[in-house]
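The shown structure was predicted, so the numbers you read here are calculated from the model rather than taken from an experiment.
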Amino acid sequence: MAVRVEVSQVIDRPPAEVFRFYAVEHVQNHPRWDPDMQLELLGEGPLRVGSMIKRVNSRSGQPVEGTMEVTEFAPNKAMSMIILDGQLEMRGRATFEPEGEHGTRLSFDVEIPGVEEGTDTSPLADGMRRSLANIKRMVESGA
């Protein structure tokens with residue numbers, strides 16, 4: 001048993017630019033699009049399969065420490081991670097697909113093993129949509 005949440009957003013920039021902002025510069029930029037998250041790369045960069053990231057999620061008011069392990073890093077195509085948020089495990093994947101002449105469809109797919117079907121995932125989906133909107137705004141504005 002597991003639940004899955006999927007969201008996507010078209011960004012008016014090519015996949016290489018969106019991938020650089022989201023994946024290559026993930027540790028620096030994630031707190032910019034999600035201010036409730038603080039990240040620290042454990043070990044030396046650049047980010048690649050096997051990289052470990054310490055994370056502190058303060059979304060619920062009480063900081064929750066966890067980790068992120070990069071399990072896929074396919075330039076301009078996809079990035080996947082196993083995320084431990086306290087005791088909760090999530091498997092996240094971001095994909096970067098060309099859309100139109102110069103755009104990218106950035107899609108997030110998060111699976112939470114061990115959580116029963118029918119569990120309310122709307123807070124997670126809302127947060128993912130907010131992150132996508134922030135990423136779109138930042139990438140398109142060159143911020």
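Between Y22 and H26, the ring planes lie perpendicular to each other; the angle is over 60°, past the 30° to 60° tilted range.
Summarising the geometry of P15 relative to G103, their closest heavy-atom pair is CD-O, 4.0 Å, with the distance given to 0.1 Å. Smallest separation of non-hydrogen atoms from E116 and V3: O-CG1, 3.2 Å.
Using a 4.5 Å cut-off between side-chain heavy atoms of Ile, Leu, Val, Met, Phe, Trp and Tyr, with links allowed through other members, L88 and M128 fall into the same hydrophobic cluster. Tracing side-chain contacts under 4.5 Å through hydrophobic residues (I, L, V, M, F, W, Y), one never reaches I83 starting from V56; they form parts of separate clusters. Residue V24 is grouped with residue L41 when hydrophobic side chains (ILVMFWY) are merged at heavy-atom distances under 4.5 angstrom, including chains of intermediate members. No continuous path of hydrophobic side-chain contacts links M68 to L84 [ILVMFWY only; heavy atoms under 4.5 Å]. By the rule that hydrophobic residues join a cluster once side-chain heavy atoms approach within less than 4.5 Å of another member, V27 and M52 end up as members of separate clusters.
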(message) For a side-chain contact (heavy atoms from CB on, under 4.5 Å) check, start with the C-alpha distance between M90 and D85, then their side-chain angles and the critical distance, and finish with the verdict.
(response) CA-CA 8 Å; M90 296 178 278; D85 199 27; 3.9 Å; yes
(request) Evaluate the criterion side-chain contact (heavy atoms from CB on, under 4.5 Å) for residue pair T67 and R55; output intermediate values, then yes/no. (result) CA-CA 5 Å; T67 59; R55 63 186 256 142; 5.7 Å; no
(message) Please determine whether side-chain contact (heavy atoms from CB on, under 4.5 Å) holds for the pair T119 and I112, giving the CA-CA distance in whole Å, both sets of side-chain angles, and the decisive distance to 0.1 Å.
(response) CA-CA 11 Å; T119 298; I112 309 171; over 6 Å; no
(message) Test side-chain contact (heavy atoms from CB on, under 4.5 Å) on I135 and M138; report intermediate values, then the result.
(response) CA-CA 5 Å; I135 292 166; M138 290 176 183; 5.9 Å; no
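The main-chain N or O of V10 is found under 3.5 Å from a side-chain atom of K136 such that the two form a donor-acceptor pair. Remark: side-chain polar atoms of S131 are paired, donor with acceptor, to backbone N or O of G127 under 3.5 angstrom. One N or O on the side chain of N29 and one on the backbone of F21 form a donor-acceptor pair closer than 3.5 Å.
For the pair N76/F96, no side-chain contact is recorded, criterion being any heavy-atom separation below 4.5 Å from C-beta on. Side-chain contact check for V139 versus E17: some heavy-atom pair is nearer than 4.5 Å. Residues S107 and E6 have side chains not in contact (no heavy-atom distance under 4.5 Å, counting atoms from C-beta outward). You'll find the side chain of P113 reaches within 4.5 Å of the side chain of E89, heavy atoms only.
Rounded to the nearest 0.5 Å, atoms NE2 (H102) and CZ (R13) are 10.5 Å apart. In this structure, CD on E101 lies 10.5 Å from CG on D12, to the nearest 0.5 angstrom. Here the CD1-CE distance, from I53 to M37, works out to 11.0 Å after rounding to the nearest 0.5 Å. Interatomic distance, E97 CD to T95 OG1, rounded to the nearest 0.5 Å: 4.5 Å. Rounding to the nearest 0.5 angstrom, the gap separating the CG atom in N134 from the CZ atom in R129 is 13.5 Å. Atom OG1 of T104 and atom CZ of F19 lie 11.5 Å apart (nearest 0.5 Å).
Using a cut-off of 4.0 Å between Lys/Arg side-chain N and Asp/Glu carboxylate O, R20 and E25 are scored as salt-bridged. The pair E72-R93 counts as a salt bridge, with a side-chain nitrogen and a carboxylate oxygen less than 4.0 angstrom apart.
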